[in-house]
Novice: 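Here's a structure for you.
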Amino acid sequence: MDAATAIGAVLRAVNDHTVVHPYGDGLLVDLPLTYGDGDGVRVLVEPMGSGYRVTDRATAATLLAMAGVNLSAGRAAEAFGEIMRNAGLNGVNAEPGEIATFGVSDDLGRLILDVAQASLRADQLRWLAPRQAGMRFVDRVTDRVSVWAGRTRKLQRDAPIPLQSGRTRSVTLRVANDGTAAYVQAVSLRDPDQAAEHCYHIFGLSKIPRENRVAALDGSERDWSPAIVTELRTVSDVEFFDDPFSLERQLETVVPPPQAALTS
């Protein structure tokens, strides 16, 4: 299979599963993408002056509010603003929580995809919802990675990681796509020394490349001893759970999405 064949297959799939409905003076575009709760991604395209305004109609913000995420202040609001800046959206006439942009007709396809992608990224902020009483850190890590992964990557809990000796040990998660995998170990603050030593031991014995091992540490960097963090960084990448998008960025680097084929 060559790049043209793969690109053609992806474009046909997008074409066959994209549905458009008239809506007032514009169009509702249903894309073959889903939010973390399984709802489909829908954007509104409206004519405006010499071009088009594209918006998610604050769908992601509504889903986050339903999940208990406060977008008016704090880390969630900061992360939402970061999404807008990184996506390069101009936010024309946007209401609070709405993801919108404006551009000329020649850029309409890109505008639609940019808004859809930003809306999906915003939906990943649902992990910032107030913690459920008694919820284990390993489950919080799993929920967060599951939202990020969606349907484009395969997740395996309590996944075996191969060791240099030929044996295997279990880690929190294995995230895979197209033959590439990242191994994630949740490191809780409940017993930080023991959790860190367990992570160090397993990753240190593993034959998986260091860049494919991710230690997800509870809390922020200030919650951890610098010595522990330094030790863990010798055997894995280290990401802090309270740092918005850091875990997702690292996993995106190790396990890129299938859409990367479109840029071939």
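On a predicted model such as this, the values are computed, not experimentally measured, just so you know.
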Novice: So, for Asp223 and Gly219, which heavy atoms are closest and what is the spacing to 0.1 Å?
Specialist: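 Reported closest heavy-atom pair: OD2-CA, 3.4 Å.
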Novice: Would a distance-only check, ignoring hydrogens and angles, find a side-chain to backbone donor-acceptor pair under 3.5 Å from Arg210 to Arg233?
Specialist: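 Present.
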Novice: What is the minimum heavy-atom distance between Ser220 and Phe240, and which atoms define it?
Specialist: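 For Ser220 and Phe240, the tightest heavy-atom pair comes out as C-CD2, 3.6 Å.
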Novice: Run through Leu251, Leu217, Val184, Val214 and flag the one making a side chain to side chain contact (heavy atoms under 4.5 Å, CB included) with Glu239.
Specialist: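 One option only clears the test, and that one is Val214.
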Novice: Spell out, yes or no, whether Leu44 and Tyr35 are grouped together once hydrophobic residues are joined by side-chain heavy atoms under 4.5 Å, including indirect joins.
Specialist: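 The answer is no; the residues belong to distinct hydrophobic clusters.
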Novice: Any sub-3.5 Å donor-acceptor pair from Asn177's side-chain atoms to Pro256's backbone N or O?
Specialist: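 Indeed, once roles are kept as given, a pair shorter than 3.5 Å links the two residues.
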Novice: Kindly say whether Val255 contributes a backbone atom to a donor-acceptor pair with the side chain of Thr180 at under 3.5 angstrom?
Specialist: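 Answer holds: no.
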Novice: Between CD1 of Ile161 and CG of Asp158, what distance do you get to the nearest 0.5 Å?
Specialist: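 It is 13.0 Å, given to the nearest 0.5 Å.
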Novice: Yes or no on side-chain contact (heavy atoms from CB on, under 4.5 Å) for Val175 and Lys154, after CA distance, side-chain angles and deciding distance?
Specialist: CA-CA 6 Å; Val175 188; Lys154 294 181 179 179; over 6 Å; no
Novice: Given the rule in the side-chain contact (heavy atoms from CB on, under 4.5 Å) test, do Trp148 and Leu247 qualify, once you have shown the distances and angles that lead to the verdict?
Specialist: CA-CA 10 Å; Trp148 165 80; Leu247 180 57; over 6 Å; no
Novice: Which atom pair, heavy atoms only, marks the closest approach of Ala118 to Met84?
Specialist: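 In terms of heavy atoms, the two residues are closest at CB-CE, 4.3 Å.
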Novice: Look at the side-chain heavy atoms of Ile, Leu, Val, Met, Phe, Trp and Tyr, link any pair under 4.5 Å apart, and say whether Val45 and Ile99 land in one connected group.
Specialist: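 Same cluster: Val45 reaches Ile99 through Ile, Leu, Val, Met, Phe, Trp or Tyr contacts under 4.5 Å.
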Novice: Less than 4.5 Å apart, any side-chain heavy atom of Val238 and any of Trp224?
Specialist: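 Side-chain contact under 4.5 Å: no.
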Novice: Using every non-hydrogen atom in the two residues, find where Thr142 and Leu173 come nearest and quote the distance to one decimal.
Specialist: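 Thr142 and Leu173 have their closest heavy atoms at CA-CD1, 3.9 Å.
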Novice: Does the distance from a Lys or Arg side-chain N to an Asp or Glu carboxylate O, for Arg153 and Glu252, drop under 4.0 Å?
Specialist: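 Here Arg153 pairs with Glu252 in a salt bridge, since their nearest N and O are under 4.0 Å apart.
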Novice: Under a 4.0 Å threshold between the charged nitrogen and the carboxylate oxygen, would Arg136 count as salt-bridged to Asp218?
Specialist: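 Here Asp218 does not pair with Arg136 in a salt bridge, since their nearest N and O are not under 4.0 Å apart.
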Novice: For the pair Arg213 (side chain) and Val235 (backbone), establish whether a donor and an acceptor sit closer than 3.5 Å, ignoring hydrogens and angles.
Specialist: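 Judged by distance alone, yes, a pair lies under 3.5 Å.
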Novice: For residues Val171 and Val187: do they belong to one hydrophobic cluster (side chain heavy atoms under 4.5 Å, members Ile, Leu, Val, Met, Phe, Trp, Tyr)?
Specialist: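 Yes, Val171 connects to Val187 through the hydrophobic network.
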Novice: If we ignore hydrogens and angles and just use 3.5 Å, is the side chain of Arg53 paired with the main-chain N or O of Asn93 as donor and acceptor?
Specialist: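 Checking the backbone N and O of Asn93 against the side chain of Arg53, a donor-acceptor pair under 3.5 Å is found.
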Novice: Taking distance alone, no hydrogens or angles, what donor-acceptor pairs closer than 3.5 Å link side-chain atoms of residues 6-28 to residues at least two apart or in another chain?
Specialist:
unit_1, atom_1, unit_2, atom_2, d
His17, ND1, Ala13, O, 2.9
Thr18, OG1, Val14, O, 2.6
His21, NE2, Asp30, OD2, 2.9

Novice: So which heavy atom on Ala76 is nearest to which on Asn70, and how close?
Specialist: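 So the minimum-distance heavy-atom pair works out to CB-O, 3.2 Å.
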Novice: In the structure I gave you, are the side-chain heavy atoms of Val41 and Thr59 within less than 4.5 Å of one another anywhere?
Specialist: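 Counting from C-beta outward, Val41 and Thr59 never come under 4.5 Å.
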Novice: Got a second to check how far Gln250's CD is from Asp237's CG, nearest 0.5 Å?
Specialist: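 One gets 3.5 Å once the value is rounded to the nearest 0.5 Å.
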Novice: Could you list the donor-acceptor pairs under 3.5 angstrom formed by side chains in residues 196-208, with sequence neighbours left out?
Specialist:
unit_1, atom_1, unit_2, atom_2, d
Ser206, OG, Pro162, O, 3.4
Ser206, OG, Ile208, N, 2.9

Novice: Regarding Arg126 and Asp143, does a basic nitrogen lie under 4.0 Å from an acidic carboxylate oxygen?
Specialist: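 Answer for the salt bridge query: no.
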Novice: Could you tell me if the side chain of Asp139 sits less than 4.5 Å from the side chain of Arg157, heavy atoms only?
Specialist: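 Yes. Closest side-chain heavy atoms under 4.5 Å.
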Novice: Does Ala186 offer a backbone N or O that forms a donor-acceptor pair with the side chain of Thr172 under 3.5 Å?
Specialist: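 Yes, because the side chain of Thr172 sits within donor-acceptor range (under 3.5 Å) of the backbone of Ala186.
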Novice: Apply side-chain contact (heavy atoms from CB on, under 4.5 Å) to Tyr52 and Ile112, showing your working.
Specialist: CA-CA 10 Å; Tyr52 292 94; Ile112 291 173; over 6 Å; no
Novice: Are there more than 12 heavy atoms of other residues, nucleotides or ligands under 6.0 Å from atom CZ of Phe102?
Specialist: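 Yes, because the 6.0 Å sphere around CZ of Phe102 holds more than 12 heavy atoms from other groups.
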Novice: Can you confirm whether Val29 sits close enough to Val54 that some side-chain heavy atom of one is under 4.5 Å from a side-chain heavy atom of the other?
Specialist: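 SC-SC contact between Val29 and Val54 ruled out.
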Novice: Show the numbers, then the answer: is there a side-chain contact (heavy atoms from CB on, under 4.5 Å) between Phe245 and Leu125?
Specialist: CA-CA 9 Å; Phe245 300 119; Leu125 294 175; 3.5 Å; yes
Novice: Rounded to the nearest 0.5 Å, what separation is found between the OG1 atom of Thr168 and the CG atom of Leu163?
Specialist: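 Going from the OG1 atom of Thr168 to the CG atom of Leu163 covers 6.5 Å.
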Novice: If you draw a 6.0 Å radius around CD in Gln156, do more than 12 non-hydrogen atoms from other residues or ligands fall strictly inside?
Specialist: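 Check passes, neighbour count above 12.
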Novice: Any side-chain heavy atom of Leu189 sitting closer than 4.5 Å to one from Phe137?
Specialist: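 In short, these two side chains do not touch, never coming nearer than 4.5 Å.
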Novice: Arg174 side chain to Tyr183 main-chain N or O, any donor-acceptor pair under 3.5 Å?
Specialist: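 Checking the backbone N and O of Tyr183 against the side chain of Arg174, no donor-acceptor pair under 3.5 Å is found.
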Novice: Between Leu108 and Leu33, is there a shared hydrophobic cluster once you connect ILVMFWY residues whose side-chain heavy atoms come closer than 4.5 Å?
Specialist: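 Leu108 and Leu33: one cluster.
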Novice: Indicate, with yes or no, if Val115 and Ile83 share a hydrophobic cluster defined by side-chain heavy-atom contacts under 4.5 Å among Ile, Leu, Val, Met, Phe, Trp and Tyr.
Specialist: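 Ile83 clusters together with Val115.
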Novice: Which of these, Gln124, Arg144, Arg121, sits in a side-chain hydrogen bond (donor to acceptor under 3.5 Å, both in side chains) with Glu248?
Specialist: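 Running side-chain hydrogen bond (donor to acceptor under 3.5 Å, both in side chains) over Gln124, Arg144, Arg121 with Glu248 returns exactly one hit, Arg144.
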Novice: If you take all heavy atoms of Ala60 and Asp123, which pair is closest and at what distance?
Specialist: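 Closest heavy-atom pair between Ala60 and Asp123: CB-N, 4.3 Å.
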Novice: Find the distance between CG (Leu31) and CZ (Arg42) and round it off to the nearest 0.5 Å.
Specialist: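 Between atom CG of Leu31 and atom CZ of Arg42 there are 10.5 Å.
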